[in-house]
There are 2 protein chains.
Amino acid sequence: MFAFTTQQMAGHRQSVVTTAAALVPLPFGATCPQHTTFYGPGCEIFAQGEAAGQLYQVEFGAVRVYRLLSDGRRQISAFYMPGEVFGFEGDTVHHFFAEAIVGTSIRSFRASQLNDASHILLPMTLRGLTRAQEHLLVLGRQTAAERVAAFLLDLAHRQGGLEQIDLPMSRMDIGDYLGLTIETVSRVFSRLKAKGIIALPSLRTAEILKWKTLEAMSD
Amino acid sequence: MFAFTTQQMAGHRQSVVTTAAALVPLPFGATCPQHTTFYGPGCEIFAQGEAAGQLYQVEFGAVRVYRLLSDGRRQISAFYMPGEVFGFEGDTVHHFFAEAIVGTSIRSFRASQLNDASHILLPMTLRGLTRAQEHLLVLGRQTAAERVAAFLLDLAHRQGGLEQIDLPMSRMDIGDYLGLTIETVSRVFSRLKAKGIIALPSLRTAEILKWKTLEAMSD
DNA sequence: CGGGGGCTTGACGCACCTCAAGACAAGTGG
DNA sequence: CCACTTGTCTTGAGGTGCGTCAAGCCCCCG
């Protein structure tokens, strides 16, 4: 379907600019100059300290946005899936890192060139704020099992409510999003599977078998 | 200075509307119909599920905004101090609870009546988003001591960078903000005090003695 | 002076982390 | 096509930081 070679997909942390069409209508109804870029797995989209001001919309693939402590501890503040927009910053400089998780195509454009910018940006930013604040409850007050349950349900909803869930991110990424280690994430997955609540057809796929049970777990 | 009696300050979870002056200029440069309300300690400002749309600015006092799990676990997502604004919601309905911590005076007004609303709201919302995302790192990846250090430094900065810090909130509130129990918060305070990094002149006052040490701890 | 709520301190337990070994999948070269 | 490598994931055993439970203390207020 997409004309990228295996080599490009493998990526070696390189990105490939594929197009630069101007004034294409954006999915959320605005128009402005933009272009589409392909990022290989692990490829950096922006880094902490870099100039901000661009917005990014995932076309296909997946993105992680995170912060680091000086000793390397990492907290992923959000994953972004196809259709979702990220890159908002209150500052002129990025406070976070953003990387493609798998081969990812991203549309970008300057926020300032958006017609009627704040009118469109405010609701998106508000949604992001609410999501972040809800995630605070998960990190501050929920157990490992509750965190994983909430994570799976969130992903399922964002992927259209199907039982089959695509997990583009590694166990390490999931751990760094949920404030857990990879071992704990893996153990919870195994326990959920043993109880017949989920199935794991492959490493990067999960299937929710007992939706209600999982929902009851997540709070 | 403020003409509230001790009884009003004690509050018994009651609020007292003190005025309703229209079209007073707001500190951030806008004007719109507004009024000022006094809330006693513990008094609810809005609740989860209630209609949203109002914005609130703390005049004096302090506010906690939080979410609850069904079994009563609480996560405070933010404290608001004099001058700060809260109440943004992406939805028509509140997803959070807001309460006065101590006797608190609050200006409120409809967001929709703000002239040039989104132009003013967007930067404030963005700042809130960045703050929330930074707090995710604290909750997901920092130890108890690091959390408390970060909390004290944040409060100190927001109170003008003085060493003397006013702690309007209880240990319970601090714990529910940092994802810790009151016992752990108390133990960390005691240890910081024993090491001469902070002083605790009273229960609700802290003083930073070794600023650098505390900053080194918080990351 | 005598409650009472919030805070501190201690002893103990447990959920999650650390460390380590092994399993599995995918790629690589002979 | 099959050894061998490499990276990710799983599983186990043991350790630890923080939670739980339980006294006791300290203010504050009556």
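From a predicted model like this one, the values you see are computed outputs, not experimental measurements. Quick note on labels: first sequence line is chain A, next is B, and so on, each numbered from 1.
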Any salt bridge (charged side-chain N to carboxylate O under 4.0 Å, His left out) involving residues 154-166 of chain A? Give me the pairs, sequence neighbours left out, ordered by first then second residue. A:Glu84-A:Arg158, A:Arg131-A:Asp154, A:Asp154-A:Arg158

Is any side-chain N or O of A:Arg187 closer than 4.0 Å to OP1 or OP2 of D:dT10? no

Donor-acceptor pair (no angle test) under 3.5 Å: B:Arg191 side chain, C:dT8 base: no

Check: B:Phe109 ring centroid to B:His35 ring centroid under 6.0 Å: no

Strictly below 4.0 Å, N to O, side chains only: are A:Asp173 and A:Arg74 in salt-bridge contact? yes

Tell me: CD1 of A:Ile101 to P of D:dT8, nearest whole Å? 14 Å

Flag the pair A:Tyr177 / A:Tyr66 as yes when their ring centroid distance falls below 6.0 Å, and as no otherwise. no

A:Glu183 CD - C:dA23 C1' separation (whole Å): 15 Å

If you assign A:Arg141 and A:Ser186 each to the DNA chain D nucleotide with the nearest heavy atom, which residue ends up on the more 5' nucleotide? A:Ser186

Does A:Thr143 reach a base, just sugar-phosphate, or nothing at all? Heavy atoms under 4.0 Å. sugar-phosphate

Tell me: CG of B:Leu192 to C1' of C:dC7, nearest whole Å? 16 Å

Interatomic distance where CD1 belongs to B:Ile182 and C1' belongs to D:dC25 [whole Å]: 14 Å

C:dC16 phosphate, OP1 or OP2: any side-chain N/O from A:Arg147 under 4.0 angstrom? no

